[in-house]
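Just below is one structure, and these are the notes that go with it.
Side chains are part of it too, since the values below use all heavy atoms of this structure and drop only hydrogens, waters and symmetry mates.
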Amino acid sequence: SRWLAAGTAQQLDFGEPSTLPVWTGTLVSRSGAPHVGAATMRLFQGERLLLQRKTGPDGRFALGLEPGTYEVEVQLGRFDANEVRLGQVELTETGLQQDLVLPGTLLSGQVRFESGAPLPTDYKLELAVDPLDYKKPFARQCAFLDAEGRYAIDALEPGVYEFVAYPLEP
């Protein structure tokens, strides 16, 4: 611990910075479209969680990591049941440029009134898809509308779903 008197300054030297190789990419659906909304990426070696970071709202990521082999898992949305294991990546000293492709189907569209008129920009609505076979408890996936009423729900496994819209209170 160091003391610093009010009105004074001290120089701190923690050594030379090290540069880690960087893995850059985008989280995309099978169609190649970027995943909409931030997702949480988790990198493991064995059972040990080494890194947890959010992607950007456009699915992009850049991670500085030690060279090695990592197991990759992504959590989509806010429910832990929406975790998707995406396999392994190998990061070398020169870095890596590799996108992550989500399995399953991307459901996207735009919500409008029955008349076809667009929703007001301040209209709050949550969309959810629930699997009807209930093999995966709490497997609901959700999306919120953007300012133009668009939504996207990614990595839906094969099956039959109920698609529900919940108005949100202002």
Side-chain angles (χ1 to χ4, degrees), residues 21-44 47 49-65 70-91 95-170:
V22 177
W23 173 23
T24 60
T26 304
L27 186 61
V28 298
S29 67
R30 288 188 318 175
S31 70
H35 174 73
V36 178
T40 303
M41 293 179 63
R42 295 185 182 118
L43 276 61
F44 296 85
E47 294 297 315
L49 175 64
L50 296 177
L51 182 71
Q52 180 171 302
R53 294 282 186 277
K54 288 221 179 268
T55 65
D58 57 357
R60 291 181 191 213
F61 58 88
L63 307 172
L65 302 162
Y70 298 90
E71 290 284 335
V72 182
E73 176 182 285
V74 176
Q75 179 183 343
L76 304 171
R78 60 183 192 216
F79 299 104
D80 285 337
N82 297 334
E83 292 172 349
V84 180
R85 291 204 175 255
L86 298 176
Q88 290 186 338
V89 295
E90 177 75 32
L91 184 66
L96 177 65
Q97 199 302 311
Q98 178 179 321
D99 292 342
L100 288 174
V101 180
L102 292 166
T105 300
L106 169 67
L107 173 66
S108 63
Q110 187 176 34
V111 177
R112 295 181 164 270
F113 288 113
E114 218 172 313
S115 68
L119 299 176
T121 56
D122 61 346
Y123 196 82
K124 304 286 185 216
L125 189 69
E126 178 181 18
L127 301 172
V129 289
D130 294 308
L132 292 181
D133 62 10
Y134 296 106
K135 289 179 184 171
K136 245 179 130 176
F138 308 107
R140 167 177 282 179
Q141 292 201 43
C142 298
F144 296 96
L145 301 179
D146 69 8
E148 282 132 34
R150 294 178 304 212
Y151 65 89
I153 301 173
D154 218 336
L156 292 170
E157 296 176 7
V160 178
Y161 291 82
E162 180 177 41
F163 191 34
V164 184
Y166 298 100
L168 301 174
E169 298 297 321

- Query: Shortest non-hydrogen contact from P34 to V28?
  - Reply: CA-CG1, 4.0 Å

- Search all heavy atoms of Y166 against all heavy atoms of A128 and return the closest pair with its distance. CE1-CB, 3.9 Å

Taking side chain to side chain donor-acceptor pair (under 3.5 Å) as the test, write out the residues that go with [X], two or more places apart.
X	result
R53	none
Q88	E71
S31	S29

- Message: Among residues at least two apart in sequence or on other chains, which ones pass ring-ring contact (aromatic ring centres under 6.0 Å, His included) with F163?
- Response: Y151

- Message: Suppose we screen for ring-ring contact (aromatic ring centres under 6.0 Å, His included). Which residues come up paired with Y70, at least two apart in sequence or across chains?
- Response: none

- Message: Using a 3.5 Å distance criterion without hydrogens, assess whether the side chain of D99 forms a donor-acceptor pair with backbone atoms of T26.
- Response: yes

- Item | Main-chain N/O of G104 paired to R30 side chain as donor or acceptor, under 3.5 Å | yes

Which residues share a side chain to side chain contact (heavy atoms under 4.5 Å, CB included) with [X], sequence neighbours left out:
X	result
V22	T24, A62
P103	V84, L86
P118	R112

[atom1]/[X] to [atom2]/[Y] distance, rounded to the nearest 0.5 angstrom?
X	Y	atom1	atom2	value
T55	L100	OG1	CG	10.0 Å
H35	L102	NE2	CG	6.5 Å
Q98	E90	CD	CD	10.5 Å

- Does some side-chain heavy atom of V72 sit less than 4.5 Å from a side-chain heavy atom of W23? yes

- Under 4.5 Å between any side-chain heavy atoms of M41 and L63, yes or no? yes

Partners meeting salt bridge (Lys or Arg N to Asp or Glu O under 4.0 Å) with [X] (sequence neighbours left out):
X	result
E148	R150
E73	R42, R85
D58	R60

- Task: Check the pair L27 / L76 against side-chain contact (heavy atoms from CB on, under 4.5 Å), numbers first and verdict last.
- Result: CA-CA 11 Å; L27 186 61; L76 304 171; 4.2 Å; yes

